[in-house]
Amino acid sequence: MNNFYNHTSTIHKYCITQGLIGYNLFLHSQGMQDYIKELNPEQREAVLHTEGPLMIVAGAGSGKTKVLTTRIAHLMQLGVDSFRILALTFTNKAAKEMKERIEKILGNGNARNLYIGTFHSIFARILRAEALNIGYPSNFTIYDTDDAKSVIKSIVKSMNLDEKLYKPNIILNRISAAKNNLYTYKDYKADFDIQQEDTRSKRPEIGLIFEKYSQQCFKNGAMDFDDLLVNMYLLLTTHPESLSKYQHKFRYVLIDEYQDTNTAQYHIIKLLAAMHENLCVVGDDAQSIYSFRGATVKNIFMFQKDYEDVRVIKLEQNYRSTKSIILAANAIIEHNEKQIKKKLWTDNVEGEKIKLVCTFTDNDEGKFIADTIQEKQLRDHYANSDFAILYRTNAQSRSFEENLRRHNIPYRIYGGLSFYQRKEIKDFIAYLRVIVNTQDEEAIKRIINYPVRGIGKTTIQKIILIASEQNITFWEVISDIRKYGFSGRAANAIESFVIMMRSFQTMLEKKNAYDVAAEVGKASGIIKSLRSENTVEDLARFENVQELLNAIKEFTETPDEEGELLDKSLGSYLQQITLLTSADQKGEEDTNVVTLMTIHASKGLEFPNVFVVGAEENLFPSQMSLYDKDDLEEERRLFYVAITRAKANLWITYANNRYRFGQLVSNEPSRFLEEMPEEYVDTSNARKPKNKAFSNQMNPVNRGIQQKKVSKANYNHKVSADFKADSPEGMTEGMKVEHQRFGFGEIKTLEGPAANKIATIEFSTLGKKKIMLNYAKLRIVK
DNA sequence: TGCGCAGGTGTTTTT
DNA sequence: CACCTGCGCA
């Protein structure tokens, strides 16, 4: 298509929809447009500085997205063709939100054509168009982490290596790290340091695995997540005409979350923006939390050196949180050495202090939070969706789920398995993958005997062997199976499998993706096999497959809008869904539920009420980070991200005891807690982080367990003068009691054997607590 | 070939 | 604790 034509047609459309008056206004007006008036001076400058390299250092809650979206809208108002603006984000959600907000500012349909998307999805789209240049089919498959691991696993097996040593996870991490630095397997094998590291860890063959893995992916017509970057870089560096095409095309390039870019992304950005140098990066070094996947804060530190005449604008006014939260956040991040100097401030109210809460166990932590949410809702009429629980690791979610469920508080967990990662969905999709790309060996192996059709492991192994010996694909072997010496039942089964897959392929030429998928469900026997089973899980699986079919239907039936760049082929659909994450699940955003997510997943979000949980040494900061200064600083940035999600109320909780790997362990409070100035923190429900040594007699569970320093809470109840502990025998539910330190409360429930009764007591100041009567000193009040 | 059970093993964080 | 793997049995 001709760019000039598009350019004029866009303006033409604009004039029609907005009227010439609006158009002329922007050309001739003395004053500013409304959307610019809404900005503060720094934001405004960031929007108006359209030409040349620009770095916006945007503190948490400083209106970063507003600036980015207004800037893009402004460029379009200036007449820039939407096809010529590229904006890269890290999540689909961020991309979608930006698109919607731009649309809202413009009020016409023009935002549609913008290149806004994640690095991975935009590059996938470009690579699809350019695939032949780098020897890939345009319907290449995208391997998610599971697919990649499974390829590695079979390579390790075929090399007869020790599977205990060569774990797919470890190997994939090594390969991924290499790719993120644009290392090929050749570079990897030639790098002295890397080789030494692998030798030291007794895994000298990783380089060879890397080589085989790369070759296998290529043979399968598949790219993993990292390949999308590597191949994009390869395309631009080895095909000058492609480079020049995209350099010309993207006159304006914007990068969101620049602090999270890795080396590969850095170089691609640099190449793409080299011609016009209208490169605008937005980021916050204090929120760089993805080094484990190759991101380097260095990119943002070095930006000023990379380009001449860089304009740097700092957005330091926070519009989100109370003063208490902002000032505490500032104090914490100051403990990091490496940072771009800036100080967040806010005009918002001082607000309540940050509430530090210590609980006995991880379960108590969950209970405390469920209670608090309920109480807070009753008192201040908050909706469920005004609350978020943020944790360091996914595994922590359980106690919150249980307690919220017990309180009948609806919640939703972001993260975990996304819909498209469920086994039954991946199985179904494997059919579609093979239909679109027969080279995809991983997918064939997944379905060749699913549902069961008598093609066993030995048969599959034989096919793999033949394929690699003759250097042909798995599909080529099975599509002419008798030629390779197979006969009998297995050969018959394979033949009918191939015939079935072929029939799907020819269908795809005439029918839409949904019709084909529906036929796959029927003809393959998947639907039948799922329906014939009777457990609840099977029913759920069946429903999930139905849901997938619905999704495909929706995809096929959404009509192409005029000028829209949507590729409606099944191949494009498959690529997109692999790049979806669980955060992208649709239709649930406006539901009124409590949000549970990792801190990583919470970046960019905000909630009136936030619980940051598990603030304990070895958990947050994670034990993996304790011995490396850079890692520790990243944990601190993560803590900073966590607390700056809160608008009004922030609780930080930690448990004295926590189950981990099925064992109860005790941890000290997180070191980050001590970094918050006392004036912003309410410690009345916490032991003060600075007091370390406490006796342990309240805590019989802890005896004999791998013991760090354990403490009891620093409660300030003043014991009544006539306090004398009563014997547990006389205690019953509903009784009012006084605890030596917890104060007055009422026994809600009694559980356990007579010799070791556990009471749940609701204390007037502390809420519910579980107490072991044999150890507690309780006085019966009445 | 397919299923059930015992044992081992692992936790950061995710496109 | 919870998942996954591998092995043994039918």
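Values reported hereafter were calculated over all heavy atoms of this structure, with side chains retained and with hydrogens, waters and symmetry mates removed. Each chain gets a letter, A, B and so on, in the order the sequences are listed, and its residues count up from 1.
Counting only heavy atoms from C-beta on, A:Met624 has its side chain closest to B:dT12 among B:dT12, B:dT15, B:dG10. With B:dT12, C:dA2, B:dT14 as the candidates, the nucleotide lying closest to the side chain of A:Arg398 is C:dA2. With distances taken from any side-chain atom of A:Phe661 to the nucleotides B:dG10, B:dT14, B:dT15, the minimum falls on B:dG10. Nearest to the side chain of A:His600, among C:dG6, B:dT14, B:dT15, sits B:dT14. Distance from the side chain of A:Thr458 is smallest for B:dT1 among the nucleotides B:dT15, B:dT1, C:dG6. Closest contact between the side chain of A:Lys153 and the listed nucleotides C:dT5, B:dT15, B:dT11 involves C:dT5. Listed nucleotides: B:dG2, B:dT15, B:dT12. Nearest to the side chain of A:Val452: B:dG2. Comparing C:dG6, B:dT9, B:dT11 against the side chain of A:Glu163 picks out C:dG6 as the nearest. If you check B:dT9, B:dT15, B:dT14 against the side chain of A:Lys164, the one that comes closest is B:dT9. With B:dT12, B:dT15, B:dT11 as the choices, the nucleotide that has an atom nearest any side-chain atom of A:Glu635 turns out to be B:dT12.
For the pair A:Asn169 CG and C:dT5 P, the interatomic distance rounds to 12 Å; values are reported in whole Å. Across the protein-nucleic acid pair, A:Tyr391 atom OH and B:dT14 atom C1' stand 14 Å apart, rounded to whole Å. When rounded to the nearest whole Å, the span between CG of A:Asp226 and P of B:dT14 equals 16 Å. Between the P atom of B:dG10 and the CD atom of A:Gln663 lies a distance of 16 Å, rounded to the nearest Å. Residue A:Gln623 contributes atom CD, which lies 8 Å from atom P of B:dT12 at whole-angstrom precision. Rounded to whole Å, the distance from CD1 on A:Ile170 to P on B:dG10 is 8 Å. Atom CD1 in A:Ile122 sits about 16 Å away from atom P in B:dT15, given to the nearest Å. Straight-line distance from the CZ atom of A:Arg658 to the P atom of C:dC1: 16 Å, rounded to whole Å.
In terms of polar N and O atoms assigned as donor or acceptor, the side chain of A:Arg293 never comes within less than 3.5 Å of the base of B:dT15 in a complementary pairing.
For the residue pair A:Ser121 / A:Thr118, a side-chain donor-acceptor distance below 3.5 Å is found, with atom types taken as modelled.
For B:dG2, the OP1/OP2 oxygens have no side-chain nitrogen or oxygen of A:Lys457 closer than 4.0 Å. Residue A:Ser121 has no polar side-chain atom (N or O) positioned under 4.0 Å from OP1 or OP2 of B:dT15. The shortest distance between the side-chain N/O atoms of A:Asn394 and the OP1/OP2 oxygens of B:dT12 is not below 4.0 Å.
In this structure, A:His600 has its ring center at least 6.0 angstrom away from the ring center of A:Tyr414. The aromatic ring centroids of A:Phe90 and A:Phe119 lie less than 6.0 Å from each other. Aromatic ring centres of A:Phe218 and A:Tyr136: separated by under 6.0 Å. Between A:Tyr188 and A:Tyr183, the distance from one ring center to the other does not fall under 6.0 angstrom.
Atom name C1', nucleotides C:dG6 and B:dT11: the rounded distance is 23 Å, in whole Å.
Heavy atoms of A:Phe620 sit nowhere under 4.0 angstrom from any nucleic acid atom. Using a 4.0 Å heavy-atom criterion, one finds that A:Thr145 contacts the bases of the nucleic acid, with or without backbone contacts as well. Nucleic acid contact for A:Phe90: sugar-phosphate only, since backbone atoms but no base atoms lie under 4.0 Å from a heavy atom of the residue. Across all strands, A:Arg660 comes closer than 4.0 Å to no nucleic acid atom at all (heavy-atom distances).
Using the six-membered ring where Trp is involved, A:Phe400 and A:Tyr391 have ring planes that are parallel, under 30° apart on the 30 and 60° scheme.
A distance cut-off of 5.5 Å between ring centres, combined with a plane angle under 30°, leaves A:Phe119 outside any stacking arrangement with the base of B:dT15.
Both A:His120 and A:Gly456 lie near DNA chain B, and the one whose nearest nucleotide falls closer to the 5' end is A:Gly456.
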Exercise for the section: Apply ring pair (Phe, Tyr, Trp, His ring centres under 6.0 Å) to A:Phe250 and A:Tyr115, showing your working. Expected result: CA-CA 9 Å; A:Phe250 298 129; A:Tyr115 268 76; 5.1 Å; yes

